[in-house]
Number of protein chains: 2
Amino acid sequence: MEPTSSFNIRTLSRACNECQLQDLCLPLGLSRGDIERLDKIVNRRRPLQRGATLFRQGEAFQALYAVRSGSIKTYSSTNGGEEQIHAFLLPGELLGLDAIGGGLHPESAVALETTSVCELPFDRLQSLAHEVDGLQRQLLRIMSRELNSDEQFMRLLANRSAEERLASFLLNLASRFELRGYSAQAFNLSMSRSDIGNYLGLAVETVSRLFTRFQQDGLIAVERKAIRLLERERLSELCNLGVPVAPPKHYQG
Amino acid sequence: MEPTSSFNIRTLSRACNECQLQDLCLPLGLSRGDIERLDKIVNRRRPLQRGATLFRQGEAFQALYAVRSGSIKTYSSTNGGEEQIHAFLLPGELLGLDAIGGGLHPESAVALETTSVCELPFDRLQSLAHEVDGLQRQLLRIMSRELNSDEQFMRLLANRSAEERLASFLLNLASRFELRGYSAQAFNLSMSRSDIGNYLGLAVETVSRLFTRFQQDGLIAVERKAIRLLERERLSELCNLGVPVAPPKHYQG
DNA sequence: CGGCAATTTGACCGGTCTCAAAGTGTGTGG
DNA sequence: CCACACACTTTGAGACCGGTCAAATTGCCG
């Protein structure tokens, strides 16, 4: 999960125009000139160390963030102290969108490994979006897509077995890595087993047992954080999560 | 100039400016003049009958919709034929936002009872939003808030018991009704038991048993679709108490 | 080497699902 | 208006997945 783990000044100073992640990130669809205007408002901060907090639940919302390298988890805590992980974010993905509505971050964001991010001050972003039409659209598109993936995830939580959940999780990670040019077969799980369990609504023990079983069945090979998907085909059979195709049944209720 | 037709003229012709739901809906925060401009692009269609489809999964995205009265459920089906309900929408709530990103509706929307909606053609909405600043912001806010409630719902699905899920569901409905000026104590469940179960990730039988138990415990009174929340206080305690908040490993009585 | 956290493994328990069937309303057609 | 069919809801019995508790193992890092 960390192809650019060592951070150098070149990485930091690289502008949106030269960023490999352009096609996944906010600039997508903007003209070169507009990207430059966007670039001017982006702050590139020094990398976060593993465990470092990007923002905390309850903090005032100031900026959106785009992951440039590394990975981040977002979570919220109840007053009881329980923690619920909401997402793992990979390079090119935007976070903080859920804070626009309320003006406060409803969740905290923490680096899972050495991670660098681009900071996008929201007020400046919004005035720019007022002028640059494509930016506005892209922002809406990104939020819409996030609504979508949240919906899919809810379906996963609502009626899938532990096995299906973990398989889906692995395949989801794989395809996201692939999109970013990394291997979909072998990658690093930057999050702990207990993070995975929390995210998927499973006990740590269940996650651990499933990893063992998947490995025994020859589906995957795991060694600590490193994982290889040996049988992506059979893995996806495990989760009969369907692509929307079938016409809806007639309403009966 | 004339949304007036043969049916229910009073309801249909009511413009955004006079709509009771203004404060919950898209116009929120707009000036009277801007609301009028928004009003011009809104189509008020004739009411949907119970079971009627507003849009189907896979259809091209053309417009957002605001519920004006009644209620709607949205759901997606897998190619296996299973159906997963994603949301129940009440007056003042917007639907179709998840289609902006992909250009296709990822889910279907069906009326749960006689329901009227306002149609907001998205292209026209977007050009208007380009001029009217507050509209753009309000759109983002609404989407952001939806992301938020999705997150909360995921937490519910990920680690709450059946009891907590149903209690939360009822309280959520109650507060939404209250916001709209209806009673929070007594309202109608326009969706079937099996819809509720599907939505909450529970078997119908479990939902039914819980209704019975809640009633025996004096928390609610149900008769078919009609429900009264007798002890909202105790209900909300159910939402927090089911899972021990701070796991006292070495607790000493 | 030693302490601590994360992971794994085992045993057991319980909540929820599944299967089955009875009960209750609702709508339709005669 | 009644009879019947069908869908929805409720109730019961039993099975099973996954959670909890407990303990062993491994890896990490001073």
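Note that the structure is predicted; figures quoted are calculated from it, not measured. In what follows, every chain begins at residue 1, and chains take the letters A, B, ... in the order their sequences are listed. Computed over heavy atoms, backbone and side chain alike; hydrogens, waters and symmetry mates excluded.
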Undergrad: Nearest whole angstrom, please: distance from the P of D:dC8 to the CD1 of B:I196.
TA: 13 Å
Undergrad: To the nearest Å, how far apart are B:E163 CD and C:dT16 P?
TA: 8 Å
Undergrad: In whole Å, what is the span from the CZ atom of B:R50 to the C1' atom of C:dG25?
TA: 12 Å
Undergrad: Using a 3.5 Å cut-off and no angle test, enumerate the donor-acceptor pairs between side-chain atoms of residues 165-173 of chain B and protein atoms at least two apart in sequence or in another chain.
TA:
| unit_1 | atom_1 | unit_2 | atom_2 | d |
| --- | --- | --- | --- | --- |
| B:R165 | NE | B:R160 | O | 2.9 |
| B:R165 | NH1 | B:L200 | O | 2.8 |
| B:R165 | NH1 | B:G201 | O | 3.4 |
| B:R165 | NH2 | B:L157 | O | 3.2 |
| B:R165 | NH2 | B:R160 | O | 3.3 |
| B:S168 | OG | B:E164 | O | 2.8 |
| B:N172 | OD1 | B:R176 | NH1 | 2.9 |

Undergrad: Heavy atoms, side chains only, cut-off 4.5 Å: are B:V117 and B:T115 in contact?
TA: yes
Undergrad: In whole angstroms, how far is the P atom of C:dT16 from the CG atom of B:L166?
TA: 11 Å
Undergrad: Can you check whether A:F153 and B:F153 have ring centres sitting under 6.0 Å from each other?
TA: no
Undergrad: Roughly how many Å is it from CD in B:E223 to C1' in D:dT9, rounded to a whole number?
TA: 13 Å
Undergrad: Round to a whole Å and report the spacing from CG of A:L157 to P of D:dG18.
TA: 13 Å
Undergrad: Out of C:dT18, C:dT16, D:dG18, which nucleotide sits closest to the side chain of B:S161?
TA: C:dT16
Undergrad: Just to be sure I understand the rule, does B:G197 reach a base, reach only the sugar-phosphate, or reach nothing, if contact means heavy atoms closer than 4.0 Å?
TA: nothing
Undergrad: In this structure, how many angstroms lie between the P atom of D:dG12 and the CZ atom of B:R213, rounded?
TA: 14 Å
Undergrad: Using whole Å, what does the distance between atom C1' of nucleotide D:dT20 and atom CG of B:N159 come to?
TA: 15 Å
Undergrad: Give the B/S/- string for nucleotides 8-13 of chain C, one per nucleotide from 5' to 3', where a protein heavy atom under 4.0 Å of the base yields B, of only the sugar-phosphate yields S, and otherwise -.
TA: BBBB--
Undergrad: State yes or no: are the ring centers of A:H86 and A:Y75 separated by less than 6.0 Å?
TA: no
Undergrad: Fit a plane to each ring of B:F177 and B:Y182, take the angle between them on a 0 to 90° scale, and name the class: parallel (under 30°), tilted (30 to 60°) or perpendicular (over 60°).
TA: perpendicular
Undergrad: More than 12 non-hydrogen atoms from neighbouring residues, nucleotides or ligands closer than 6.0 Å to CZ on A:R234, yes or no?
TA: yes
